[in-house]
There are 2 protein chains.
Amino acid sequence: MRLTLEKIGELAGVSRSTVSRVINDQRDVSEEVRTRVLETIERTGYRPNQAARTLVSSRSQVLGLVIPSSVHNLFADPYFGRLIQGITKAANRAEQTLSLFLFEDEREELDLYPRVIANGLLDGLIVTATKMADPLVQRLLDDDTNFVMIGRPDSNRISFVNVENESGARMATLHLLGHGAANIGAILPPSSTTTGIDRRSGFLSAMNESGRAVPEGAIVEGDFTEESGYEGMSRLISQGVDAVFCGSDTMAMGALQALIDAGLHCPGDVRVVSFDGLFDPRQTDPPLTTVSQPVRQTGEEAVNMLLEILNDGDSTPRSRIFPTELTIRSSCGCPEPGGSV
Amino acid sequence: MRLTLEKIGELAGVSRSTVSRVINDQRDVSEEVRTRVLETIERTGYRPNQAARTLVSSRSQVLGLVIPSSVHNLFADPYFGRLIQGITKAANRAEQTLSLFLFEDEREELDLYPRVIANGLLDGLIVTATKMADPLVQRLLDDDTNFVMIGRPDSNRISFVNVENESGARMATLHLLGHGAANIGAILPPSSTTTGIDRRSGFLSAMNESGRAVPEGAIVEGDFTEESGYEGMSRLISQGVDAVFCGSDTMAMGALQALIDAGLHCPGDVRVVSFDGLFDPRQTDPPLTTVSQPVRQTGEEAVNMLLEILNDGDSTPRSRIFPTELTIRSSCGCPEPGGSV
DNA sequence: TGGAGTCCCGGGAGCGCTCCCGGGACCGCT
DNA sequence: AGCGGTCCCGGGAGCGCTCCCGGGACTCCA
């Protein structure tokens, strides 16, 4: 037999309304009554019915996290783990529940869009890893659902949290150039994503700046998986590169393996600088020099931004861009304390 | 301006009730009216307010997935990725939304239990990776929340989905013995989990059966992480083992690395059989012989079982135990097509 | 012809909450 | 004494839905 506001009021000798005021921490309740009500709530273990609250307030305290089907390596890539940790942390702190929307394939994705969007039990969404011109994003925009994107959107009507992909990639490339690399290649994220585009233009801008040409075939495109990194590095090896900017740590893992399998040494034969900062030094051999981005923080900020939008009731696009920073270890050829150069 | 049942009724020239009947696919609606209503719903893009439905029906179509804070390697261990994929797949198919409850630490966990349990927006829970005598489970039992556990519970009042841990571990150990191993060790999951206990007793039963003594120090306990596997194997090496049953693939990864670092060869010097079947052959060197369990299926079954319980309104404990099977590759010393023995 | 049964349909009631309004008690000031 | 203001508190209305009941129309059979 479920407790209601009315019943608690009865037990505490006050009305429904007063109990409601206590629970929502509103004014117009005497200190004495407040403690009395709080006591009976504590004693009975009463919890307000969230559905009823949602119905009248149209706020469910539930946020949705949508990850498109294209992310097949969702759980293989440490990026998403970190991201989800950041998101749940912020959500927990704000007393929000997190609903997860993952899809097996594109068909399922399309079938389920309406359920996600017009769910009615969701206050807003966090959307990540979309490709450009993603139909989901368009739908969300049309239905003016509140949402924030993680990563740079391809429209200026969207709130988002991002990191400095371009300048990070530029830094990485310049570092490689600083080491005197003569023949630089790049393994980049998909060009169907803004992340891929931005890291690419960072790479190109560094090359340009240093007066380097980018020969045909010096850029290969991966898809964030280790396999594609392996594949990409193999292609670059055959072009005789002596340095590679790799646009994601996971791809770098594969790239390093490709070097080993080709009997080449990193950084001796090929220097590598990567992007993400997901692994700790011991996880790769040699320790990866990489552009670190604050993944957890990105997730937290997405939640906070979404909550701000919801609370302000103002959906004018906002954004937050976190800086990236070059973490120097030894895969670039820098000496490392205790490491072999 | 949000649409309501009433409004759709107005547009279709019928009453609220009739529209409701159409939506819920109930009888007492003429074919003509039904199509007319369906049409206006389609045309307007109407979606019933889930909060209102939940309020009156006390079914939210939302399931919760709870993963305790103790799982620090949540996203490092491919197990959970698979599990979650299975769960989301089954949830999607049943038109259920999945809410995710992850905790940073035990304090947060305790703080949030009440919100999880008495959420009011959850029809039921799937709980995984609990330790024995877990306080959460006790709370769920007390509040008679509907839930199913993944893994064997330490009480017979709980519905669960599990795999044959004991016989799997027994098989693995017997296989090692069949290879003529003289000095077998084991790296097992925590003894605070039923999984740890069951895999241990499978190991012991095989040893017993073959008349082998289990010397002091032949069993070390890990915590499902690679590090603990490395650590465990290092200890076993110093004891001079020539074969090891490793109670989880992730730990086996660490164990194999420990062998390499010790200058030992697998399976030449130390044979290894593992448990889980998470990696594909190419991911380890040598390819792991392992006891495969159907992780995705386990997740799907947990959802289905929970839904059965909810639909039947009958919470008498039920269970489903999936078989495990020995996947023979080469880390045990078996010859593999194309592999070196 | 009339009563029972079936098929449709509409409207009242109510789920448990929040919001709003009004009223009583008490204060201080003119 | 009268009035405005503040502090508390209770109850009505209503969120959008489902469930239940009752009534009209039509059919079938005695």
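Chain naming here is simple, since letters A, B, ... match the order of the sequence lines and numbering starts at 1 in each.
- Place B:R21 and A:S17 on DNA chain D by their nearest nucleotides, and A:S17 ends up nearer the 5' end.
- Side-chain contact between B:L141 and B:I158: present, with at least one pair of heavy atoms (C-beta onward) separated by less than 4.5 Å.
- Taken to the nearest 0.5 Å, the CG atom of A:L310 stands 5.0 Å off from the CZ atom of A:R59.
- If you check every strand for non-hydrogen atoms under 4.0 Å, A:E31 touches nothing.
- Proximity of B:N146 to B:L140: side-chain heavy atoms (C-beta onward) are nowhere separated by under 4.5 Å.
- At the heavy-atom level, B:E32 lies nowhere under 4.0 Å from the strands shown.
- The rotation axes computed at either terminus of the helix from C:dT1-D:dA30 to C:dT30-D:dA1 lie 60° apart, taking five pairs at each end and rounding to 10 degrees.
- Here B:R318 pairs with B:D312 in a salt bridge; the nearest charged N to carboxylate O distance falls below 4.0 Å.
- Nearer the 5' end of DNA chain C, as judged by each residue's closest nucleotide, is the contact made by B:R16, out of B:R16 and A:S57.
- At a threshold of 4.0 angstrom between heavy atoms, the contacts of B:T18 are confined to the sugar-phosphate backbone, with no base atom among them.
- Chain A approaches DNA chain C over the interval C:dG16 to C:dC19, counting the first and last nucleotide 5' to 3' with an atom under 4.0 Å from its heavy atoms.
- A salt bridge does not link B:D111 to A:R93: none of the charged side-chain nitrogens sits closer than 4.0 Å to a carboxylate oxygen.
- Classification of B:R36 and B:E32 as a salt-bridged pair holds, one side-chain N sitting under 4.0 Å from a carboxylate O.
- Taken to the nearest 0.5 Å, the OH atom of B:Y79 stands 5.0 Å off from the CD atom of B:Q293.
- Ionic pairing of B:R34 and B:D28 is not present here: no N-O contact between side-chain nitrogen and carboxylate oxygen is shorter than 4.0 angstrom.
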